[in-house]
Number of protein chains: 2
Amino acid sequence: MDGYLFDADTRLGPAEDGAVPVTVTDRWSGPGSVNGGFMLALCTMAIARVLPFPDPIVVSGFFLRPGTPGPAVIRPSVARAGRSTAFGEASLWREGREVMRATAAFATLGGGSGEHPEFVGITPPDLPPPGECVGMAPGALPGISIADQLEYRAAGLPGWLRGEPTGEPSAEFWMRFRDGRPPDLNALSMLVDAAAPVVLEIGATSTTIQLTVHLRAHPAPGWLACRTTTNHVSGGYHEEDFEIWDSAGTLVAQSRQLGLLLPP
Amino acid sequence: MDGYLFDADTRLGPAEDGAVPVTVTDRWSGPGSVNGGFMLALCTMAIARVLPFPDPIVVSGFFLRPGTPGPAVIRPSVARAGRSTAFGEASLWREGREVMRATAAFATLGGGSGEHPEFVGITPPDLPPPGECVGMAPGALPGISIADQLEYRAAGLPGWLRGEPTGEPSAEFWMRFRDGRPPDLNALSMLVDAAAPVVLEIGATSTTIQLTVHLRAHPAPGWLACRTTTNHVSGGYHEEDFEIWDSAGTLVAQSRQLGLLLPP
């Protein structure tokens with residue numbers, strides 16, 4: 001899928017002494033640094049190289065320093081390869097400094113269906129069809145290059161973007177790659193972190209300290225319906241939950257991050 | 001606080017060549033293995049030794065193997081010590097095998113208040129006072145030693161315990177140490193994993209693959225009000241969210257775990 005930008009920009013080189021080279025481009029950046037979810041996706045793909053199962057099911061990333069574009073190396077390692085679940089870790093280094101550390105469990109998704117009970121206590125976002133929603137043109141958010149690669153559509157523009165924060169830190173919207181790349185598990189690890197933090201609706205901005213992503217199913221092609229919510233902002237920190245539902249109405253990813261509020 | 005069982009059982013020995021010895025007792029076990037949250041608390045306390053800030057704010061643990069009681073070592077290391085946040089990692093080893101791996105960010109909680117916006121979009125569990133709730137006697141759950149060290153009270157016994165699973169995987173209840181130990185951040189890392197999995201209400205049992213805990217405030221003494229919910233059970237996996245509110249009505253911990261359903 002190298003015709004797609006995400007695939008070209010996550011191409012990992014051959015490992016040398018356990019270090020996997022990658023060039024971090026400036027096409028997946030948020031305000032002031034490379035998007036954390038993008039770096040988490042890179043680390044997850046490097047961990048995949050050393051584990052015997054294909055699918056990340058849970059990935060946890062800690063953000064040690066702001067990510068910058070340029071040549072980097074990722075050092076993946078095996079923690080344990082069990083019979084049905086394997087665990088690995090990776091750290092991403094830029095200019096001799098560790099930028100992030102990720103740990104992941106891998107398995108084969110889709111194998112357990114039918115033998116176990118199923119339960120769904122939440123519903124997908126209740127959005128108008130994408131064609132009836134409003135979006136943003138590429139370049140609408142100067143300096144936020146990741147927003148140029150992704151398409152977002154919602155029933156209306158968010159309050160913070162209209163200059164009228166709503167006071168309610170939550171949002172529902174559609175998301176997809178602008179170049180038509182179909183979603184997959186690697187992309188989901190980024191996409192859960194690819195929207196503006198909803199604390200903007202209470203007049204705050206934030207940086208991610210830690211992000212955990214559960215990957216629950218391979219996404220169907222098409223638009224992804226997203227819901228993001230912050231329920232607790234206190235002492236300078238906040239959590240942010242993110243759900244992604246695919247075009248078949250399946251919950252494919254759930255994430256939670258701990259964010260640090262930035263000085264106003 | 002060595003007069004309390006949790007403190008006696010989390011006493012870490014002096015490090016030797018970076019390995020911190022600890023004896024994992026059989027007093028904090030769930031069905032068939034040592035409680036994962038208890039091991040996560042041990043790892044977090046070992047990480048605290050090597051970092052310059054006192055308070056864990058987010059801890060992520062991956063459970064590589066079932067934990068067993070006996071002599072163990074924990075190997076903590078520093079990932080990065082920044083100006084206001086520090087990151088560390090620890091792995092717990094038993095009989096030459098890695099049982100769990102934890103990563104944590106530490107800071108000083110309570111420093112940011114006043115400068116940043118606050119928002120609370122959820123409310124504490126709506127429970128009758130503990131004195132009007134029902135509880136369980138120690139020993140009521142044979143083989144689940146952790147339930148002997150903790151006191152749980154709820155408006156009624158859970159459906160699964162009455163032999164009538166409700167079909168609704170959620171619960172609200174009070175919790176505290178039976179011996180009167182006041183809660184603190186170290187204990188919260190265990191307590192978020194110290195109740196029966198709510199998937200019991202849909203007739204399933206489960207083991208934890210990964211657990212992320214956000215520690216949001218130092219808990220006040222007294223009973224802790226807990227809420228635990230599973231919203232998505234599919235493909236043999238489920239998430240479980242857990243909130244702990246202290247006696248002053250403050251949300252002190254939020255956790256999410258990915259669980260693997262066990263064969264019926």
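Note on naming: letters A, B, ... go to the chains in the order of the sequence lines (proteins, then strands), and numbering restarts at 1 for each one. Scope of the values below: all heavy atoms of this structure, side chains included, with no hydrogens, waters or symmetry mates. Just so it is clear, the structure is predicted and the values come from calculations on it, not from any experiment.
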Between A/Arg256, A/Glu239, A/Arg216, which residue shows the highest count of heavy-atom pairs closer than 4.5 Å to chain B? A/Arg216
The test is side chain to side chain contact (heavy atoms under 4.5 Å, CB included); show your working for B/Val58 and A/Tyr237 and say whether it passes. CA-CA 11 Å; B/Val58 50; A/Tyr237 297 95; over 6 Å; no
Interface check, chain B: of A/Leu260, A/Thr230, A/Ile57, A/Asp241, most non-hydrogen pairs under 4.5 Å belong to A/Ile57
With B/Ser170 via side-chain hydrogen bond (donor to acceptor under 3.5 Å, both in side chains) - residues at least two apart: none
Closest approach of A/Val233 and B/Pro117, non-hydrogen atoms and distance? CG1-O, 3.3 Å
With a 4.5 Å heavy-atom cut-off (strictly below), which parts of residues 36-44 of chain B touch chain A? List them by number. none
Sub-4.5 Å heavy-atom contacts with chain B: which residues of residues 244-254 of chain A show up? A/Leu251, A/Gln254
A/Arg65 side chain to B/Arg80 main-chain N or O, any donor-acceptor pair under 3.5 Å? no
The interface call for A/Phe87 against chain B, heavy-atom contacts under 4.5 Å, is side chain
Neighbours of chain A found in residues 92-105 of chain B - heavy atoms under 4.5 Å: B/Glu98, B/Arg101, B/Thr103, B/Ala104, B/Ala105
Do A/His232 and B/Glu118 touch side chain to side chain, with heavy atoms closer than 4.5 Å? no
Largest heavy-atom contact set with chain B, pairs under 4.5 Å, which of A/Val120, A/Thr229, A/Val199: A/Val120
Can you confirm whether B/Phe119 sits close enough to A/His238 that some side-chain heavy atom of one is under 4.5 Å from a side-chain heavy atom of the other? no
Which residue out of B/Pro169, B/Gly82, B/Gly167, B/Ala204 racks up the most heavy-atom pairs below 4.5 Å with chain A? B/Pro169
